Structure formats: structure tokens, C-alpha cells
Amino acid sequence: MPKPIKFVELGLVYAAKAAWGVFEFGNRFNQKPSFTPKWSDKPLLKSYEKQKPPLGWPRATDSLCPKCVPEIRQQILDGKLPHEILLNEKVGEIKAQIVERDGKILMVKDCPKHGHFEDVMSIDSAMFKHIEAVFPGRDIRSHNDEKLHHHGTSTVKWGRGAVLTIDLTNRCNMMCDPCFMDANQVGFVHELTWEEIKTMLDNAVSIKPKRQMSVQFSGGEPTLSPYFLDAVRYARKVGYTSVQAATNGIEFAKSKEFCKQAAEAGLRYAYLQFDGIGNAANAHRKVGNLFDVKLKAIENLFESGVDVVPVVTIVNGINNEQVGNLVKFALDNPRVISFISFQPVSFTGRDEAITDERRAAQRYTLAHLAHDVKNRTGLGEPARDWFPLSFMGTFSDWADLVHGPTAEWGQLSCGCHPNCGVGMGIMVDKITKESAPITAFINADQFAKDVAMVTDGGRSKFWSSVGMALALTRNYNPFKTTTHFTIFEFLKKLDKSFGVSKKAQSGGYGKTTADRTLEDVEKRRDDRWNVLFVAGMWFQDLYNYDFRRTEQCIIPYATQEGEISFCAYNTGVGWRNIIEKMHMTATLTKWYEEHGRHEIFAGGKKVSISDGVQLKALKLNRDLVTEEEQHDLDHLGIAKNAREEKIRARDAKQKNDPAYNEKMAKMYREVVLKEKQPEGFVPLTTLAPANGNGNGNGKSNGNGNGHAKHEEHEAVLGD
């Protein structure tokens with residue numbers, strides 16, 4: 001039997017429906033023109049003024065040839081072509097068609113030189129249609145940004161962005177597959193100086209519309225940078241309210257003191273690499289106790305006041321079976337985890353030269369994610385409960401209106417292309433652990449239309465707030481939500497998120513400003529209701545690249561050559577490779593001579609955690625712990641990663657080329673060991689895999705140095 005309050009709420013719903021008719025009628029007249037906020041030189045956009053890229057299918061777009069681009073990029077890296085060619089010519093660009101076939105959405109394209117390519121974009125055309133249909137349109141066009149946005153056809157053109165990414169270093173203390181930046185294997189170090197870090201942060205807040213409220217320090221592993229804490233501190237100083245670190249968690253697991261220092265510097269979120277529940281589910285990362293490291297890092301960070309966002313790179317056949325377990329883990333820990341980010345694999349970096357066979361087997365789309373969540377947890381209908389990340393832009397527009405023209409920053413607005421990312425909000429009771437998708441008890445499509453209508457009216461803060469309350473209430477179903485949740489709690493959640501009331505603005509829910517304390521953190525955590533946001537962010541690769549997505553990027557990289565779309569930097573024409581080479585700090589050998597080798601955890605090596613893993617904040621359901629690696633690809637006889645593919649290719653070459661071993665041995669001695677061989681010297685043995693300890697067994701010796709030697713070997717031989 002429903003609680004009596006549910007029937008009271010039902011009465012409020014009917015009252016709101018009646019009042020809405022009056023409000024809607026009055027809102028049609030004497031609508032106010034949009035004001036120009038302090039953070040922009042262009043006025044806020046009405047919903048009907050927003051532009052949209054071509055959507056639906058079949059449609060044509062601009063893409064890239066997966067074979068032409070690496071060839072041209074290599075010519076630039078070799079000095080045979082100037083990098084300015086990327087600014088003035090459409091390098092490697094070809095037309096692509098987005099079509100439906102057998103219920104799937106595909107990108108198909110043809111290169112005059114390299115032939116036909118196609119790849120799947122969605123396994124559910126109904127979900128794809130829904131995601132594009134509710135896209136609210138592009139954000140304000142970027143302006144006063146010429147000094148940072150000047151990258152030819154890869155230029156970011158729209159929006160204020162959401163998260164500015166800054167790679168502090170390309171050094172890493174792991175050697176992962178997959179790795180979109182190919183960390184530790186490019187043969188040189190690219191590490192930002194303190195002046196470069198400050199300049200990037202200063203530049204980012206100088207253009208309009210004023211840049212991201214969030215900044216994420218990444219890498220490599222950002223905690224290896226000597227300026228990590230200084231960078232966090234300075235980001236808060238220049239106004240970023242949400243400072244994040246994209247991290248594997250090793251340094252945070254090793255030291256509570258380091259976590260405390262990061263929190264005191266202003267770190268708010270740790271985007272923690274987290275690929276599954278149990279050490280076996282993380283075994284593809286080649287760290288013996290990696291899951292224990294993740295648990296320890298979460299405990300240490302949470303205790304220090306830093307919130308954790310598990311970030312899951314999903315690869316079909318490697319860890320896609322973990323999707324349900326990861327969502328259940330988050331649901332079991334609503335006080336600790338309010339956001340989980342799934343990132344379907346992008347075949348770039350270490351995986352750019354992937355075989356068609358492995359690409360087809362490992363491809364994982366946002367529709368795969370939605371269906372896996374439903375099938376493994378029972379939560380969410382793909383074509384009802386999942387929305388593009390940009391859907392939230394409608395509510396950000398409303399908040400921009402009520403905060404008025406004097407606000408220093410605009411609201412966080414995820415104005416990316418609808419094909420970039422999706423999400424589903426789940427309301428979780430922290431006490432009972434009962435949960436329900438928000439879109440199960442809110443008619444989200446209509447709610448967004450109603451809020452857009454309120455915003456278009458341009459009314460005062462009071463009337464805009466009344467309109468929001470009516471819109472929410474009339475689209476609310478009290479019998480579809482959890483037992484104890486009410487519409488009044490929902491209104492408080494909105495206020496807490498958008499900071500409209502005096503209570504929110506005075507820090508009544510807990511401050512998020514630079515003077516935020518651990519007491520503020522605890523106050524925000526004490527909210528009984530957690531909105532668990534399950535997100536999927538699908539970064540492009542050369543097989544599904546779409547320039548309409550690139551130009552709307554909300555998570556650009558700040559670099560010495562300006563701010564560049566995430567996908568244009570890491571995939572696309574590959575600006576990362578070019579800029580890091582242009583601004584190389586030192587060769588690997590030179591760096592080691594001056595700084596020594598940092599510790600690398602690989603080959604099954606374990607991270608030393610001094611006092612072990614003691615779960616205090618976290619709850620771990622042992623039924624979710626995976627005891628065995630996923631073996632799908634083993635059964636199919638398909639390589640799991642780029643390293644396995646290279647080994648197979650090498651073995652095939654050895655079989656067909658008797659001189660191969662002799663040639664590789666000579667190159668290894670001359671380039672790596674720096675030995676000069678006498679003229680006419682004939683080797684007695686063939687080249688064995690490098691391991692740093694001379695035993696030829698192909699494994700690291702476990703102290704980091706052996707792996708570094710192996711890394712140097714691979715950098716030279718491409719092995």
C-alpha cells in the first residue's frame with residue numbers, strides 16, 4: 001500500500017497541471033529579450049534560436065581515412081611536412097554516410113586510395129533516434145577565442161565547454177592496454193613546466209563564453225608531475241569550482257597524507273580508472289593487486305573529502321561483463337559514489353593500428369552499454385531512460401537566466417553532439433538502498449520542453465522559479481518513485497544543483513567555493529538522496545570520426561598550441577603526437593640520466609599498500625567479485641590487445657623472413673646497448689625479448705627498471 005504522502009503528492013500534480021495552463025498562457029505575452037551575461041559577449045540563446053548539426057539518417061558528414069591520417073601524421077613527425085598543413089588543408093578527410101542496416105546504425109566511407117571502411121555506431125536504431133530527437137541544440141558559439149581555437153577543420157566552434165583537460169605529463173606508473181595516449185612508449189618525455197601550466201589556466205578563462213567551471217589534470221599519470229598540487233591550488237585560485245584528477249589511484253592508495261594534501265589544495269573529484277570488481281577483472285592492466293589499489297584509493301580520498309568517479313574503459317570481450325557489477329557496486333555505495341563514467345574503447349594510441357578482426361570483436365557502443373545495464377541490473381529502458389549528455393543544457397539555460405547578467409561564470413553546460421555521450425540518472429535512497437531511474441517517475445521529454453518554455457519567457461527569478469516548480473510537479477508520478485522520496489526532496493535537489501535559493505547561495509547545503517572545508521563536504525554528503533548518474537562517453541577513433549562532433553567538443557585539451565578538441569587531440573589527425581614532439585621536454589635516455597627512472601607497475605607487479613585495505617566507507621558485496629578473467633576472445637582466437645597483435649605479426653615475419661632475427665639483434669645492440677660491432681661480425685644468437693635482467697624470459701624483473709628497459713626496447717624496435 002503506498003504511503004499517504006503519495007496521494008497528497010498526486011493532488012499537487014493535478015493542481016500543478018491546472019496552474020500550468022494559466023502560467024503557460026501568461027508566459028506567451030511580453031517575453032523579455034535575452035540579456036548578455038558578464039561571462040559572455042553574446043546574449044543567452046532562446047531555445048528556438050539554437051542551431052543543430054544534421055541529424056537522423058541517412059545523412060552525410062565529414063570524416064577521416066583511417067589509413068591516410070597515420071601516414072600524413074608520420075610525415076609531419078619526420079619533418080617531411082610542416083604541421084601547418086593541418087591548419088590550411090583538409091588532411092586525410094573523406095566523406096562518410098551514416099546509415100541504418102539490420103537495425104544497426106553504421107558509418108560507411110570510401111577512400112580513393114585505401115578503399116572501403118565501415119563500423120557500427122549503434123546496435124539499437126530506436127535508442128539512437130531517441131537520443132538525437134531530444135538534443136536541445138548547440139550552446140553559444142565561441143567568440144573572442146582566436147588565440148586558442150585555430151586548428152583548421154578540427155577547431156572547436158561551439159559552446160563554453162564543460163571540463164578543460166590539461167595533461168601535466170606523459171609519464172605514467174603503469175603500462176596499460178588499452179591506452180589512448182600510448183603512455184611510456186613514445187621514446188621521450190613531455191612534461192609541462194610551472195609557467196606553462198599557469199599560462200594554460202589563465203588563457204582558458206580569458207575567452208568567451210567564459211570557459212569551463214571544471215578543470216581536469218590528466219596525463220600520463222598527473223600525480224607524477226612535481227607541480228600536481230600546485231596546479232590544483234592555482235586552478236582554484238583563478239576560479240575553477242571543480243578541480244579534478246584523472247588518475248589510476250596508485251599514489252592516492254599509497255599515501256593518506258598525499259590525499260589530504262590534494263584535498264587541502266582544492267581537489268574535488270578523482271576520476272579513477274576502475275575496470276571491474278576484483279583483481280581478475282582488472283588483470284588486463286597487468287598490476288597484480290590493482291582492484292585492492294582502487295579500493296584503498298577510494299577509502300583514502302573519501303576520508304580526505306575528495307569525491308571519486310569510477311571511470312571504466314569498456315572493451316568487448318575484455319570487461320563488458322563487468323557493467324552490471326560496476327553499477328551494482330555504485331548502488332551499494334550511494335554515499336561514496338554519485339557518478340560512474342563508462343567509456344567505450346576508442347581504437348587510438350596503442351590501438352590505432354588495430355586489425356579489422358579485433359576491431360569488430362572489441363567494438364562497444366553506447367547502445368551496448370544501455371542494454372548491458374538493463375540486462376544485468378534491470379534498470380533503464382534504452383529508448384526512454386537514456387538521454388544525451390547535452391540534454392542537461394536545457395536546465396543549465398534556465399539556471400543561467402535565474403542567476404542573472406552579473407554572474408561571474410555560466411552554468412556547467414554539456415553542449416556536446418548527441419552521439420558523443422549519454423546518461424541515465426538513478427535516484428538512490430542512501431538508507432534503504434532502494435532506487436529508481438528518474439525518468440521512470442518524471443516525464444523527462446515533456447519536462448525539458450516545459451523548462452525551455454519557461455526560460456524563453458525571460459521572466460524574473462521569482463516567476464522563472466515558479467515555472468520550474470510547476471513544470472517539475474506536473475510531470476511527476478509519485479507512484480513510480482521510491483518509497484520515501486517526495487516531490488519536495490526533488491525541488492531541494494534542483495536547488496542544491498543549481499544554487500537558486502538563499503540557502504544554496506550561502507552554502508546551506510555545503511559550500512563548493514574555494515573556501516570549501518571538510519565540514520562542507522560532509523554537509524553535502526548528508527543528503528539522504530543520491531542521484532547516481534550512469535554516463536557513457538564515447539570518444540571517436542579514425543573509423544567513426546565525425547567533424548560535426550569535434551566542433552562541439554566540451555572537454556578540450558589545453559596545450560602549448562591552444563585548446564584542441566579531445567578527439568582531434570587523441571584521435572583524428574592526432575594533434576597529441578605532433579604537439580608533444582614539438583614541445584618535447586627530453587628524450588627518455590636524457591630524462592633518466594637527469595631524473596632517474598620512476599617506478600612502473602607492470603608484468604603482474606603489486607603495489608605496496610602499507611596498512612592493507614580496510615573497508616570503512618565502502619561496502620563490497622563479495623558476490624560481485626570476479627575471480628576469473630573474461631575469456632571471450634581466447635575462445636575466438638583473437639588477440640586481446642596491441643601487444644599481442646604485434647607479437648603475432650612479429651612471429652609471422654620471423655617465419656617468413658630468416659634474416660629478421662639477425663637484423664633485429666644488430667639493431668638492438670647498436671641502438672639500445674650502444675655497442676659497436678666489428679665489421680663482418682656474425683651474431684651467434686638471435687634477439688630475445690628484453691627484460692632488464694638478461695634471462696630472456698620476456699618478463700619484467702619487478703623493480704621498474706626492467707620494464708623501463710623493455711619500454712626503451714619497444715620504443716626503438718616498435719615491438
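The first residue of the sequence shown is numbered 1, and numbering continues consecutively from there. Bear in mind the structure is a predicted one, so any value in this text is a computation, not a measurement.
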Tightest non-hydrogen contact, residues Gly572 and Leu64, listed as CA-CD1, 3.5 Å
Under 6.0 Å between ring centres, would you say that holds for Trp20 and Phe23?
yes
Spacing of Tyr269 atom OH and Ser214 atom OG [to the nearest 0.5 Å]
8.0 Å
Taking the side chain as everything from C-beta on, heavy atoms only, tell me whether Trp529 gets closer than 4.5 Å to Val428.
no
Please check if the side chain of Lys480 supplies one atom and the backbone of Ala436 the other of a donor-acceptor pair under 3.5 Å.
no
Does Lys104 NZ have over 12 foreign heavy atoms under 6.0 Å away?
no
Name each donor-acceptor pair under 3.5 Å that joins a side chain in residues 413-425 to protein atoms two or more places apart or in another chain, with its distance.
residue : atom : partner : partner atom : Å
His417  : ND1  : Asn419  : N            : 3.0
Asn419  : OD1  : Arg59   : NH2          : 2.9
Asn419  : ND2  : Glu132  : OE2          : 3.1

Do you know which two heavy atoms are closest between Val402 and Ser464, and how far apart they sit?
CG1-CB, 3.6 Å
Who pairs with Lys90 by side-chain hydrogen bond (donor to acceptor under 3.5 Å, both in side chains), at least two apart in sequence or on another chain?
none
Can you name the residues that form a side-chain hydrogen bond (donor to acceptor under 3.5 Å, both in side chains) with Glu24, not counting sequence neighbours?
none
Check whether Thr155 reaches the backbone of Lys157 with its side chain - one donor and one acceptor, N or O, closer than 3.5 Å.
no
Check: Arg516 side chain, Gly510 main-chain N or O, donor-acceptor pair, under 3.5 Å:
no
For Glu118, the side chain to side chain contact (heavy atoms under 4.5 Å, CB included) test, sequence neighbours excluded, returns Arg101, Leu106, Val108, His116
Which residues share a salt bridge (charged side-chain N to carboxylate O under 4.0 Å, His left out) with Lys52, sequence neighbours left out
none
Determine, stepwise, if the pair Ile438 / Phe387 fulfils side chain to side chain contact (heavy atoms under 4.5 Å, CB included).
CA-CA 11 Å; Ile438 292 174; Phe387 287 80; over 6 Å; no
Distance check, rounded to the nearest 0.5 Å: Lys46 atom NZ versus Met453 atom CE?
12.0 Å
Does any non-hydrogen side-chain atom of Arg524 lie less than 4.5 Å from one of Lys496?
yes
Determine, for Asp307 against Arg525, whether the closest basic-nitrogen to carboxylate-oxygen distance falls under 4.0 angstrom.
yes
Those residues that, when tested against His368, pass ring pair (Phe, Tyr, Trp, His ring centres under 6.0 Å) (two or more places apart)
Tyr364
Audit row: Met107, Thr61, side chain to side chain contact (heavy atoms under 4.5 Å, CB included) steps and yes/no
CA-CA 10 Å; Met107 175 179 283; Thr61 192; 4.2 Å; yes
Checking side-chain polar atoms at under 3.5 Å, does Tyr545 have a donor or acceptor matched by the opposite partner on Thr550?
yes
Across all chains, not counting sequence neighbours, the side chain to side chain contact (heavy atoms under 4.5 Å, CB included) partners of Ser338 are Asn530
Say whether, by atom type as modelled, one donor and one acceptor occur between the side chain of Asp124 and the main chain of Pro382 under 3.5 angstrom.
no
Between Asp139 (side chain) and Arg160 (backbone), is there a donor-acceptor pair under 3.5 Å?
yes
CZ of Arg138 to CZ of Arg548, rounded to nearest 0.5 Å, is 7.5 Å
Could you check whether any side-chain heavy atom of Thr153 comes within less than 4.5 Å of a side-chain heavy atom of Glu93, counting everything from C-beta outward?
yes
Which atoms form the tightest heavy-atom contact between Phe117 and Cys65, and what is the distance?
CE1-SG, 4.0 Å
For Asp527 and Lys492, run salt bridge (charged side-chain N to carboxylate O under 4.0 Å, His left out): C-alpha distance rounded to whole Å, both residues' side-chain angles, the deciding distance at 0.1 Å, then the answer.
CA-CA 10 Å; Asp527 184 346; Lys492 284 173 61 177; over 6 Å; no
If you apply the rule side chain to side chain contact (heavy atoms under 4.5 Å, CB included), what do you find for Glu100 with Ile105, and how did you get there?
CA-CA 5 Å; Glu100 181 181 4; Ile105 304 298; 4.0 Å; yes
Measure centre to centre between the rings of Tyr557 and Phe566, then say whether the value is under 6.0 Å.
yes
Evaluate the side-chain proximity of Val309 to Gln244: yes if any heavy-atom separation is below 4.5 Å, no if none is.
no
Once salt bridge (Lys or Arg N to Asp or Glu O under 4.0 Å) is applied, what residue pairs with a partner in residues 389-399 remain, sequence neighbours excluded?
Lys50-Asp397
Could I get the full list of ring pair (Phe, Tyr, Trp, His ring centres under 6.0 Å) partners for Phe490, not counting sequence neighbours?
Phe485
Would you mind reporting whether His143 and Ser40 have side-chain heavy atoms less than 4.5 Å apart?
yes
Asn375 atom CG, over 12 foreign heavy atoms within 6.0 Å
yes
Quick one: side chain to side chain contact (heavy atoms under 4.5 Å, CB included) partners of Ile564, sequence neighbours excluded?
His151, Thr559, Ala568, Tyr569, Trp575, Ile579
Which one of Phe135, Trp386, Trp57 satisfies the ring pair (Phe, Tyr, Trp, His ring centres under 6.0 Å) criterion with Phe128?
Trp57
Could you tell me if Asp495 and Ser501 have a donor-acceptor pair between their side chains, going purely by distance under 3.5 Å?
yes
Any donor-acceptor N or O pair under 3.5 Å, side chains Thr348, Asn570
no
Is any side-chain heavy atom of Val243 less than 4.5 Å from a side-chain heavy atom of Phe217?
yes
Decide yes or no on side chain to side chain contact (heavy atoms under 4.5 Å, CB included) for Asp450 and Arg474, but give the supporting numbers first.
CA-CA 10 Å; Asp450 292 350; Arg474 89 183 196 100; 2.8 Å; yes
The ring pair (Phe, Tyr, Trp, His ring centres under 6.0 Å) partners of Phe498 (sequence neighbours excluded) come to none
Review item, side-chain donor-acceptor pairs of residues 531-543, under 3.5 Å, at least two apart:
residue : atom : partner : partner atom : Å
Gln540  : OE1  : Asp546  : N            : 2.5
Asp541  : OD1  : Arg363  : NH2          : 3.2
Asp541  : OD1  : Tyr543  : N            : 3.0
Asp541  : OD2  : Phe347  : N            : 3.0
Asp541  : OD2  : Arg363  : NH1          : 3.0
Asp541  : OD2  : Arg363  : NH2          : 3.1

For the residue pair Pro209 and Lys42, establish whether any side-chain heavy-atom pair is separated by less than 4.5 Å.
no
Indicate whether the side chain of Asp372 and that of Asn320 have a donor and an acceptor atom separated by less than 3.5 Å.
no
To the nearest 0.5 Å, tell me how far Met468 CE sits from Leu472 CG.
7.5 Å
Flag side-chain contact, heavy atom, 4.5 Å: Pro388 against Val134:
yes
Check for me whether the distance between the ring centres of Phe395 and Phe447 falls short of 6.0 Å.
yes
Kindly say whether the aromatic ring centers of Tyr240 and Trp409 come within a distance under 6.0 Å.
yes
